[in-house]
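Please read the structure below before turning to the comments.
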Protein chains: 2
Amino acid sequence: MSRTTIHDIARELKTSAATVSRALNDHPSISTATKESIRKAAQRLNYRQNRTASSLRSGKTFVVGVIVPSVQISFFGSVIHGIEQVIKNQGYNVLLFQTNEQYEDEVQGVQTLLQSNVDGIIASISKETIKYDHFLEVKHRNIPLVLFDRSIDELEVPAVVIDDYKGAFMATEHLIQQGYKRIAHISGPQHIRIFHERLRGYVDALKAYGHQVDGDLITYGKLSIDSGRACTQHLLRLAHPPDAIFAVEDFSALGALQVIKESPWSQPGQIGLVGFANEAFSAYITPSLTTIDQQTALMGQEAATIFMNLRQEESNPTGPPQKIVLEPTLVVRQSSLKRQETID
Amino acid sequence: MSRTTIHDIARELKTSAATVSRALNDHPSISTATKESIRKAAQRLNYRQNRTASSLRSGKTFVVGVIVPSVQISFFGSVIHGIEQVIKNQGYNVLLFQTNEQYEDEVQGVQTLLQSNVDGIIASISKETIKYDHFLEVKHRNIPLVLFDRSIDELEVPAVVIDDYKGAFMATEHLIQQGYKRIAHISGPQHIRIFHERLRGYVDALKAYGHQVDGDLITYGKLSIDSGRACTQHLLRLAHPPDAIFAVEDFSALGALQVIKESPWSQPGQIGLVGFANEAFSAYITPSLTTIDQQTALMGQEAATIFMNLRQEESNPTGPPQKIVLEPTLVVRQSSLKRQETID
DNA sequence: CTGAAAGCGCTTACAG
DNA sequence: CTGAAAGCGCTTACAG
């Protein structure tokens, strides 16, 4: 019942384990006839390569570690999908680590992936992370590291992001063009670049259209439904409340929408709302959520492709790390459309 | 720059690799003093165990393979979360494989996981799968295999499911109690047990309440928004259309809801709707979707716990495989509430 | 085109 | 309590 090894095949065919190994790996110096008979024997004996042994010897595991806050956020699920598409064809697999947005889990994840000898790591950092030693270790060990979406400039590693500034600008511009006058922003943790960029895009769009930037209308949330609720409650209680909200991501926007719907004096249609991320639920809520699409599958594919290229280079830092910036798209749905006020 | 090994530590402390290995694994026969100094040296030299080498020698990888149709379905994301919670504490990690509901991908996934020497596999089968040889091989190799949700009785392996019959009965009963008279069912592939069970629950609830079971009102879909749309269009075009629909899962229900909303002569509130799974979006669509909750996190935890127990047994089949059946819960939201007809 | 031999970095009976 | 030695199943220079 114990598993077939290359030695079993070698014995069967009266050849050597080396030849069997070469044949199964399609090594050019093995004759076609030999390869053929070895392959047949392998199949007959139900041979399966022992990847662990192969990895130990060759130094390659064909495993890519993927670190994300949570697969339950459809954005990350979708990116993982894109990653898998690309690497599967090259014989790679995904070893998954969820951080639950916790710094400690992220550190532990990196350690585990290092111990597992992954051939590379593709990651999006947790919102709690403000120290990067664990990622620096990856870099110093010359293990290909690619960040996506939530990247960290100071790490100086390749990254795939969308143009968050531009996306935020478009979102805000859209609200302005709809005729909203006091546009608030629910932002996110500023140490993560993308959230800061979105804030910048918001501010610059207001300025570009001659709107005043009012610090009271900018709140800092935590990227969750509950946080979106809290921020919105705060905004609606202002002496001079907003007539529109641009939320830094869709979960915050969803929280905002809930509060808006519950509040008697602020129905949807009166308060414009735009999110960011085009989460799975965003098209189906009511009103459906106007948001910024991030080309998630493409983001995953690009990150995986960078890894594939990096993998060969082997520690020759050829200039600054590659950075791919994808174009955001505005997806207009109902939540941002301004209702005609003539009814009142 | 090459990685520290136990030999490096041994040399440093003038002891043997065997002792270093034992000390780092907290072997009882090593003195506390020795352990202490070895641990310190390991830390100082930034030692990280090479899991590949450890696995090859010990035969354990501390990796659990998880096979699911797609992490983008929040149900599966949530179960994976539950699995990770349990196994992380025991030092295990998740090697992820998505099948995209394709039989070929599932077979390939199993092969890869076998080659990777995973210590066990936790899986939910693809809807396209009707042959199970790949899973039989796992079983025959004595690798712990646990199925969840979409399980296969004939494989005779442990499984965690919810009581799908009961959930479907509850869903249908709820619609009956709301006063709906012609309740349709959008079902799923019948070779997967849970979908057949849900159909049974639907039929039996109708019978239990003296409703007629009308074959015209039962359609067989493919578990997707589009499929739900198609089935619903078909149902609404019947000479004698339904006044309520119980959908086999939430994506089908979402498709149904879209068609209902688009159709001028069948607004929500007139056509009752219940789904199954309590997907992430279900609470937020309008009308919010009444559905059956499946205790996803618990399902993952239970599956992981079974694996943990199985792992020790080592091929002594002690009676029939364990089967855990979780209780479903009816989550009543707006989509199933019957509007008073007095308005007309 | 093929084989013998070394070795990847651990773990673990066996011996003391 | 500690060490020497074998070996997990591969891959790969080296030699022919």
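Predicted model, so just to flag it, every value in this text is computed and none were measured. The figures that follow rest on heavy atoms only: side chains count, while hydrogens, waters and symmetry mates do not.
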> Between A/Arg193 and A/Glu154, does a salt bridge (Lys or Arg N to Asp or Glu O under 4.0 Å) hold up when you go through it step by step?
Replying inline: CA-CA 10 Å; A/Arg193 195 176 165 284; A/Glu154 67 178 89; over 6 Å; no
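Separating the CG atom of B/Asp8 from the C1' atom of C/dC8 is a distance of 14 Å, rounded to the nearest angstrom. Here D/dG3 presents its P atom at 14 Å from CD1 of B/Ile9, a figure rounded to the nearest Å. Atom CG of B/Leu24 and atom P of C/dG9 are 16 Å apart (whole Å). Look at CZ on A/Arg11: it is 11 Å from P on D/dG9, rounded to the nearest Å. A straight line from NZ of A/Lys14 to P of C/dA4 spans 14 Å, rounded to a whole angstrom.
Ion pairing between B/Glu137 and A/Arg48 holds under the 4.0 Å rule for side-chain N and carboxylate O. Looking at B/Arg311 and B/Asp119, no side-chain N of the basic residue comes within less than 4.0 Å of a carboxylate O on the acidic one, giving no salt bridge. Remark: B/Asp153 engages B/Lys323 in a salt bridge, criterion side-chain N to carboxylate O under 4.0 Å. Salt-bridge check for B/Asp26 with B/Arg39: passed, with a basic side-chain N closer than 4.0 Å to an acidic carboxylate O.
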> If the sugar-phosphate is the primed atoms plus P, OP1 and OP2 and the base is the rest, what is the B/S/- string for nucleotides 10-16 of chain D, using protein heavy atoms under 4.0 Å?
Replying inline: BBBBB--
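A cation-pi arrangement is not found for B/Lys88 relative to B/Tyr92, the charged atom failing to lie both closer than 6.0 Å to the ring centre and inside a 45° cone about the ring normal. Seen from the ring of B/Phe62, B/Lys60 counts as a face-on cation partner, given the 6.0 Å and 45° thresholds.
Residue-level contact check: A/Thr52 touches neither bases nor backbone, having no heavy atom under 4.0 Å from any strand.
D/dC1 and D/dA5 have their P atoms separated by 24 Å, with the value rounded to a whole Å.
If you check the side chains of A/Thr129 and A/Glu106, you find a donor sitting under 3.5 Å from an acceptor. Judged by distance alone, the side chains of B/Thr52 and A/Asn117 do bring a donor and an acceptor atom under 3.5 Å apart.
Under the Watson-Crick or G-U wobble criterion, with both distances below 3.5 Å, D/dC14 is paired with C/dG3.
Contacts between residues 26-35 of chain B and DNA chain C, counted as heavy-atom distances below 4.0 Å, involve no residue at all.
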